[in-house]
Amino acid sequence: MSEVSLETIVSLAKRRGFVFPSSDIYGGLAGFYDYGPYGTQLAKNIRDLWWQHFVEKVPNIHGLDSAIIQNPKLWEASGHVAGFNDPLVDCKNCQARHRADHLAGVDSTDLKKLDELIKDKPCPKCGQKGHFTEARTYNMMMKTYVGPVEDNENVAYLRPETAGSIFTNFELVRETTRAKIPFGIAQIGKAFRNEISPRDFIFRTRELEQMEMQYFVDPKNETEEYENLRKFNWNFCIEAMGFDEANLQWHEHTEDERAHYARAAHDIQFKFPFGFKELWGTHNRSDFDLTAHGKASGKELNYFDPETEKSYVPFVMESSVGVGRIFLAALVDSYAEEDVEGEKRVVLRINPKLAPVNVAILPLMKKPELAGKAKEIYTMLNQSTNLRIEYDETGSIGKRYRRQDEIGTPKAVTVDFDTLENDDVTIRDRDTMEQKRVKITDLAKELSNDS
RNA sequence: GCGGGAUUCGUAUAUCGGCUAAUAUAUCAGUUUUCCAAACUGAGGAGACCAGUUCGACUCUGGUAUCCCGCACCA
């Protein structure tokens, strides 16, 4: 198991075109990152794999792709407008920052009232009384304006999570798919949060991409459905992503940790270089969302059960994971260094399905006869398979193997002088470095089997 | 947001108040019929940004930005 440092991952990510600081030439922008050529492909492969497992292969889960900007009423009903307006104070003595409403012991956003209530309270950190700044709010939702005039009438928010619009589309999806409970709605998309302090590379960013699935169930089955979803999420990490089980653990939220909507919450934590941290959340959101949106919109979001002929508000079991986080986990999980004849070899032992490049085509040397043959094979495979193939002729053959190792390419095909005589090539394996000789006519089949 | 540290070729490091900024590696071109980062030759590539001090600043000072570490935050 690897104990790779974050610096090593950041350096590799930049050096090999996985992740760049956003607007790098201007000095970057905190909380935002750009994905380079290999990173873009890796992220796409992760999304595709998730979509396959959560939508395409599941008959009663349906896909959705909703707008990033929604009617602001949605976020009022969901509790985000209030929740993202946490009143905060700083202790002028020790600089610690606290939630004013927590200090006051009340649930309020009235800043003046809170100032009054906490006036004589001690700072939880240093114990000093009467040193708090005035309460301020830090709205964590990104604001924008819809229409040409920037005023309060036109305020809108970039969604802070993808879940909201799944609830607003609940009835339309149910109707168009004729779905019966239990069923799910899944979505992959960007969300935005004005995090106070983005941290740990791409772990906590201000622009994030979520893969979420909300599963609507009969309240009487909540526990069973919740447990099933937890297992499903865990299995995806182990079986589909191929993560080392030793890098994963469960964390159950205590009542204090839980969000306002959650009846139960379990995180899958991954062993990042900065510790075990949340990778994937499973939440029992109860009927909180459908009830809230039903009330606020005036359109009841009930489900009529045709068997019992009764209506009820379904419970929501939520599965939520960030693309950036699972991307980072994939790099950390697969990064390995080993000694090969006294030299250090860096290899990403990543799930072949996720690898940005499946196959590298390499002429043994940059000779016209070898390069020509290799390019022929490249074209042939490109046309006859769905493999992602890369051609490389610069540098020694050993150097090119190591280049591909570093980006996790599972197979390399090498064209040598025997190829010209016998129409066969070697396939070199990323993990074992072993080679086998294969006829060019069998190449497509041979490579497709492995990927 | 608070406190601490850092910022020099793509990456990792060095040096210096006068810089023509060094080394390794990486990259590119070439030589070598070369299967695990070989060697050799050559090429391109840098002091985050903005001010100040100074005859002169990559070097000193201040601010800003970004990254890392701790704290807080994570609805």
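Every chain is numbered from 1 and lettered A, B, ... according to where its sequence line falls, protein lines coming before strand lines. Keep in mind that this is a model prediction, so the values were computed, not measured.
Under the side chain to side chain contact (heavy atoms under 4.5 Å, CB included) criterion, A:Val10 pairs with A:Leu6, A:Phe201, sequence neighbours left out. Take A:Glu222 and apply the salt bridge (charged side-chain N to carboxylate O under 4.0 Å, His left out) test, not counting sequence neighbours, and it matches A:Arg263. With sequence neighbours excluded, no residue forms a ring-ring contact (aromatic ring centres under 6.0 Å, His included) with A:Tyr378. A search for salt bridge (charged side-chain N to carboxylate O under 4.0 Å, His left out) contacts involving A:Asp287 returns nothing, not counting sequence neighbours. By the salt bridge (charged side-chain N to carboxylate O under 4.0 Å, His left out) test, A:Arg402 is found to be paired with no residue, residues two or more places apart in sequence or in another chain being considered. The side chain to side chain contact (heavy atoms under 4.5 Å, CB included) check on A:Gln435 picks up A:Tyr401, A:Thr426, A:Arg428, with sequence neighbours excluded. Every residue meeting the side chain to side chain contact (heavy atoms under 4.5 Å, CB included) condition with A:Ala163, not counting sequence neighbours, appears here in chain and number order: A:Glu161, A:Phe167, A:Glu212, A:Gln214, A:Arg285, A:Glu318.
Straight-line distance from the CZ atom of A:Arg285 to the P atom of B:rA75: 11 Å, rounded to whole Å. Atom P of nucleotide B:rA12 and atom CG of A:Leu12 are separated by 11 Å, given to the nearest angstrom. Atom CD1 in A:Ile407 sits roughly 16 Å away from atom P in B:rA26 (whole-Å rounding). The CZ-C1' distance, from A:Arg204 to B:rC71, rounds to 13 Å in whole Å. Residue A:Glu195 contributes atom CD, which lies 13 Å from atom P of B:rC73 at whole-angstrom precision. Rounded to whole angstrom, the span from the CD atom of A:Gln269 across to the P atom of B:rC74 amounts to 17 Å. Atom P of nucleotide B:rA75 and atom CE of A:Met142 are separated by 16 Å, given to the nearest angstrom. To the nearest angstrom, P of B:rC74 lies 14 Å from NZ of A:Lys277.
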Taking only nitrogen or oxygen atoms into account, show me every contact under 3.5 Å that the protein makes with nucleotides 67-70 of chain B, one pair per line with its distance.
| residue | atom | partner | partner atom | Å |
| --- | --- | --- | --- | --- |
| B:rC68 | OP1 | A:Phe201 | N | 2.9 |
| B:rC69 | OP2 | A:Asp200 | OD1 | 3.3 |
| B:rC69 | N4 | A:Arg199 | NH2 | 2.9 |
| B:rG70 | O6 | A:Arg199 | NH2 | 2.7 |

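Using P as the reference atom, B:rC60 and B:rU8 are 14 Å apart when rounded to the nearest Å. The same atom, C1', is picked in B:rC9 and in B:rU23; the two are 12 Å apart, to the nearest Å. Spacing between B:rA51 and B:rA65 at atom C1', rounded to whole Å, works out to 14 Å. Nucleotides B:rG47 and B:rA21 have their C1' atoms positioned 8 Å apart, rounded to a whole Å. A distance of about 12 Å separates the P atoms of B:rG62 and B:rG4, rounded to the whole Å. Rounded to whole Å, the P atom of B:rG17 lies 22 Å from the corresponding atom of B:rU13. Between the P atoms of B:rC58 and B:rC49, the separation comes to 10 Å (whole Å). For the C1' atom pair drawn from B:rG10 and B:rC28, the interatomic distance equals 13 Å after rounding to whole Å.
The stretch residues 354-369 of chain A participates, sequence neighbours left out, in no salt bridge (Lys or Arg N to Asp or Glu O under 4.0 Å) pair at all. Sorted by first then second residue, the salt bridge (Lys or Arg N to Asp or Glu O under 4.0 Å) pairs that include residues 35-44 of chain A, not counting sequence neighbours, are A:Lys44-A:Asp48.
Relative to the six-membered ring of A:Phe192, A:Arg159 misses at least one condition, a distance below 6.0 Å or an angle of at most 45° to the axis.
With hydrogens and angles ignored, a donor-acceptor pair under 3.5 angstrom links the side chain of A:Ser197 to the base of B:rA72.
In this structure, A:Arg345 contributes its side chain and A:Ala336 its backbone to no donor-acceptor pair below 3.5 Å.
Here the shortest heavy-atom pairing between A:Ala329 and A:Phe243 reads CB-CZ, 3.8 Å.
Base pairing in RNA chain B gives the following stems of 3 or more Watson-Crick or G-U pairs, range against range and under 3.5 Å: B:1-7 with B:65-71, B:10-13 with B:22-25, B:27-31 with B:39-43, B:48-52 with B:60-64.
Anti is the conformation of B:rG42, whose glycosidic angle sits further than 90° from 0.
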List the steps, then state whether salt bridge (Lys or Arg N to Asp or Glu O under 4.0 Å) holds for A:Lys73 with A:Glu76. CA-CA 5 Å; A:Lys73 287 176 188 166; A:Glu76 285 162 25; over 6 Å; no
In the 5'-to-3' direction, what one-character label does each nucleotide of nucleotides 30-49 of chain B receive under the scheme B = base within less than 4.0 Å of a protein heavy atom, S = sugar-phosphate only, - = no such atom? S--BBBBBS-----------
